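Throughout, protein chains are lettered first and strands after them, A, B, ... in sequence-line order, and every chain is numbered starting at 1. Treat the numbers as computed from the prediction; the structure is a model and nothing was measured.
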Number of protein chains: 2
Amino acid sequence: MKRKITLKHIARELDVSISTVSKALKNSPEISKDTREKVQAFARLYNYKPNNIAISLKNKRTRNIGVIIPDIVHHFFTTVFRGIEHYANDRGYNVIVCVSDESFDKEVVNMELLANGSIDGFIMALSAETQQKQDFNHLKELGEQGIPLVLFDRVTSEVACDKVIIDDQAAAQMATQRLIDSGKKRIALFTTESFLNVSAKREAGYRRALEKSGLGVDDNLIIRLPHQFEEETLSAAFFESQEFDAVLCVNEIFAIRAMRIAQELQRDIPGEISFIGFTDGLLSKYANPGLTAIAQHGEEMGRVAAELLIDRVEEEDDLEQELPPYRTCIIPVSLIERESTQLAPSKN
Amino acid sequence: MKRKITLKHIARELDVSISTVSKALKNSPEISKDTREKVQAFARLYNYKPNNIAISLKNKRTRNIGVIIPDIVHHFFTTVFRGIEHYANDRGYNVIVCVSDESFDKEVVNMELLANGSIDGFIMALSAETQQKQDFNHLKELGEQGIPLVLFDRVTSEVACDKVIIDDQAAAQMATQRLIDSGKKRIALFTTESFLNVSAKREAGYRRALEKSGLGVDDNLIIRLPHQFEEETLSAAFFESQEFDAVLCVNEIFAIRAMRIAQELQRDIPGEISFIGFTDGLLSKYANPGLTAIAQHGEEMGRVAAELLIDRVEEEDDLEQELPPYRTCIIPVSLIERESTQLAPSKN
DNA sequence: GGAGATCACGAAAACGTTTTCGTGTTAATA
DNA sequence: TATTAACACGAAAACGTTTTCGTGATCTCC
């Protein structure tokens with residue numbers, strides 16, 4: 001087992017000083033051509049690679065970024081993650097992931113662990129519990145410590161930092177409007193408890209579209225399902241007690257389950273009932289019939305988030321160059337039409 | 001912006017030495033009760049947290065583990081990842097993820113980057129390209145450098161290390177046998193190019209079941225689809241040119257697509273054709289009809305992989321305690337029955 | 001009251017780099 | 001030939017810890 005070789009070994013072997021080796025490897029003009037070549041040849045021969053940890057300690061920069069997400073087995077988050085990872089890698093950064101499991105405590109613990117030198121900045125989406133508690137002290141502290149933070153998707157106006165979101169309200173309004181345009185009159189909304197920021201905004205957009213079009217909102221058509229979805233919660237009963245001709249769902253699972261119940265009740269899709277779901281994931285694509293979905297372009301979101309973060313991390317190196325103000329990027333959504341709807345062509 | 005406080009700051013402030021502070025914080029009996037309490041109070045007040053990087057440099061242990069997977073937007077891999085992450089966190093480790101995108105080069109580059117001090121060991125599944133090239137030098141080098149490695153799912157016998165797999169052959173054989181037991185006589189196999197280790201093994205299991213039961217293998221019933229699945233590849237033509245009454249698919253997507261074609265051709269599922277797919281993911285669960293699937297228990301796989309790795313990492317600390325031999329853990333699969341089959345009760 | 005033990009603490013090396021600031025040698029210049 | 005400049009390199013500090021070892025001061029015991 002050949003141990004890793006260090007500058008010190010090379011120096012001793014070649015009978016020069018550590019500083020000379022270090023400079024020679026960086027091609028410093030301070031070192032003679034002869035010595036440089038000798039050192040570089042030796043280094044290559046023994047496959048010398050500098051120790052990342054030592055460099056991090058010296059530079060106070062790790063080239064690691066911390067990503068904290070509520071769940072990893074979740075199509076949207078993994079999509080964002082892929083965007084982050086690709087962009088970060090291209091700029092020479094590695095990604096450390098922690099999963100909060102929607103728990104406030106795990107979020108705090110994980111962040112504190114990483115904040116002590118392991119990373120140069122954070123990218124995260126708030127856990128459900130954090131949004132419920134509205135406790136953001138751990139995030140505010142980052143600011144005081146000078147650790148950059150980018151929030152995506154699940155954000156809060158309580159903390160000042162860069163953000164990347166979609167315009168949930170506009171997206172929901174657009175989708176609802178498209179259903180209205182296609183002739184639907186009674187549109188239901190399947191959503192979650194409203195402490196989730198995104199759900200609240202989507203509901204607002206849904207309401208707005210109905211009001212603007214003069215159809216008005218019937219609160220009986222809005223049903224709120226628990227965040228941790230249980231199969232029985234969404235039952236056929238609702239389909240039989242209420243009349244509606246379209247459904248907007250704040251996520252894929254709700255939509256898929258709802259479609260299945262409709263099929264069991266022999267309702268025609270999209271004729272009798274149309275369905276649109278948020279988040280264009282695997283389920284939407286492979287459902288039968290295919291589910292019309294609002295694509296959030298997670299990969300693009302991740303790319304932008306990583307770019308904002310790394311830019312800020314690297315700007316901080318230039319001491320006292322004043323930092324740009326915090327930005328909020330809005331990633332445009334798009335509506336992917338499939339068989340669960342029969343929409344008129346878009347006006348745009 | 002209050003900068004992070006260090007041992008040196010505390011020492012200066014309290015007019016003691018750095019060593020005293022360090023020991024006091026660790027409750028060393030060498031330090032008087034008075035001094036300990038004074039130091040600890042001060043540290044708490046200023047929220048002192050030791051710098052991870054400095055500790056890593058000192059201990060030559062980072063408490064990070066590197067995970068390299070071919071794709072993150074992939075249900076099975078994220079499931080494994082969740083198992084790794086949870087277990088690692090419980091033991092005080094963080095996880096750095098890199099995605100190889102099924103590319104040999106990215107796999108090598110990412111590993112080299114992390115191997116220079118950033119991590120204590122690797123957990124990985126081979127990229128498709130690596131399996132195709134059969135080039136494992138980057139993995140063998142890890143061994144020489146004394147960096148522990150655990151391979152899962154996509155493994156190779158070429159490198160000596162701990163491994164976690166499912167018994168793909170036995171699983172495929174079991175599933176095929178169950179189809180036979182339920183009265184099916186002509187069972188098709190939808191698989192990928194065979195350079196993927198797992199596909200090859202699953203095919204072997206399929207063949208074995210058919211041969212043992214005396215049905216024999218009809219090579220016309222085996223179709224090989226490209227790994228990067230294109231919609232058109234799997235067409236109705238096959239359904240019309242061949243007669244078969246069941247299909248075993250090496251992944252979910254193939255199965256879902258196949259079911260859909262069968263439905264379009266008005267074939268009754270499971271009456272006329274039954275379907276079983278490998279990997280029990282979201283699609284299997286939410287398909288209509290639900291897809292009977294072979295569950296690989298990714299989370300358990302991840303847990304075991306992380307345990308093997310961390311055990312080995314920590315054993316290496318005890319110098320010259322001889323290391324245990326490499327182990328291969330086989331995670332049992334289970335068959336999740338849904339509506340795409342009508343199986344007789346299992347014999348076990 | 002002196003020998004040895006115990007106590008409480010500090011100095012310094014070490015981990016592997018980078019970087020600043022010498023310094024001795026050689027070459028160019030007046 | 002004396003002065004300076006350029007050159008090529010080394011010593012040492014620094015990043016923030018941990019840990020070994022040394023050392024004064026106090027205490028115990030005969």
Query raised in the report: Any side-chain heavy atom of T78(A) sitting closer than 4.5 Å to one from I72(A)?
Result: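 The answer is yes; the side chains approach within 4.5 Å.
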Report task. Report yes if some heavy atom in the side chain of V73(A) is under 4.5 Å from a heavy atom in the side chain of E299(B); otherwise report no. Result ->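 No, side chains not in contact.
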Query raised in the report: Once each nucleotide of nucleotides 18-26 of chain D is scored for protein heavy atoms under 4.0 Å, what B/S/- sequence comes out, 5' to 3'?
Result: BBBB-----
Quick one: [X] [atom1] to [N] [atom2], roughly how many Å, whole number?
| X | N | atom1 | atom2 | answer |
| --- | --- | --- | --- | --- |
| I31(B) | dT6(C) | CD1 | P | 18 Å |
| L57(A) | dT17(D) | CG | P | 9 Å |
| K8(B) | dC15(D) | NZ | C1' | 8 Å |
| H9(B) | dC15(D) | NE2 | P | 8 Å |
| L14(A) | dC9(D) | CG | C1' | 14 Å |
| K60(B) | dA14(C) | NZ | P | 13 Å |
| N51(B) | dG16(D) | CG | C1' | 6 Å |
| D34(A) | dA8(D) | CG | P | 9 Å |

Query raised in the report: Closer than 4.0 Å, any side-chain N/O of T35(A) to the OP1 or OP2 of dA8(D)?
Result: no
Report task. Check whether any side-chain nitrogen or oxygen of S56(B) sits under 4.0 Å from OP1 or OP2 of dT17(D), and answer yes or no. Result ->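 Indeed not, no polar side-chain atom of S56(B) lies that close.
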Query raised in the report: How do A54(B) and V21(B) order along DNA chain C: which one's closest nucleotide is nearer the 5' end?
Result: V21(B)
Requested in this report: Give every residue pair that meets the salt bridge (charged side-chain N to carboxylate O under 4.0 Å, His left out) criterion with at least one member in residues 30-43 of chain A, sequence neighbours excluded.
Outcome: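 Non-adjacent pairs meeting salt bridge (charged side-chain N to carboxylate O under 4.0 Å, His left out): K23(A)-E30(A), K33(A)-E37(A).
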Query - Listed once per pair and sorted, the salt bridge (charged side-chain N to carboxylate O under 4.0 Å, His left out) pairs that draw on residues 123-132 of chain A, sequence neighbours left out - result: none
Query raised in the report: Taking only residues two or more places apart in sequence or in another chain, which ones pass side chain to side chain contact (heavy atoms under 4.5 Å, CB included) with V108(B)?
Result: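 V108(B) satisfies side chain to side chain contact (heavy atoms under 4.5 Å, CB included) with F104(B), E112(B), H138(B) once adjacent residues are dropped.
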Report task. Taking ring-ring contact (aromatic ring centres under 6.0 Å, His included) as the test, write out the residues that go with F42(B), two or more places apart. Result ->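 Applying ring-ring contact (aromatic ring centres under 6.0 Å, His included) to F42(B) gives Y46(B).
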Query - F77(A): partners by ring-ring contact (aromatic ring centres under 6.0 Å, His included), with sequence neighbours left out - result: H74(A)
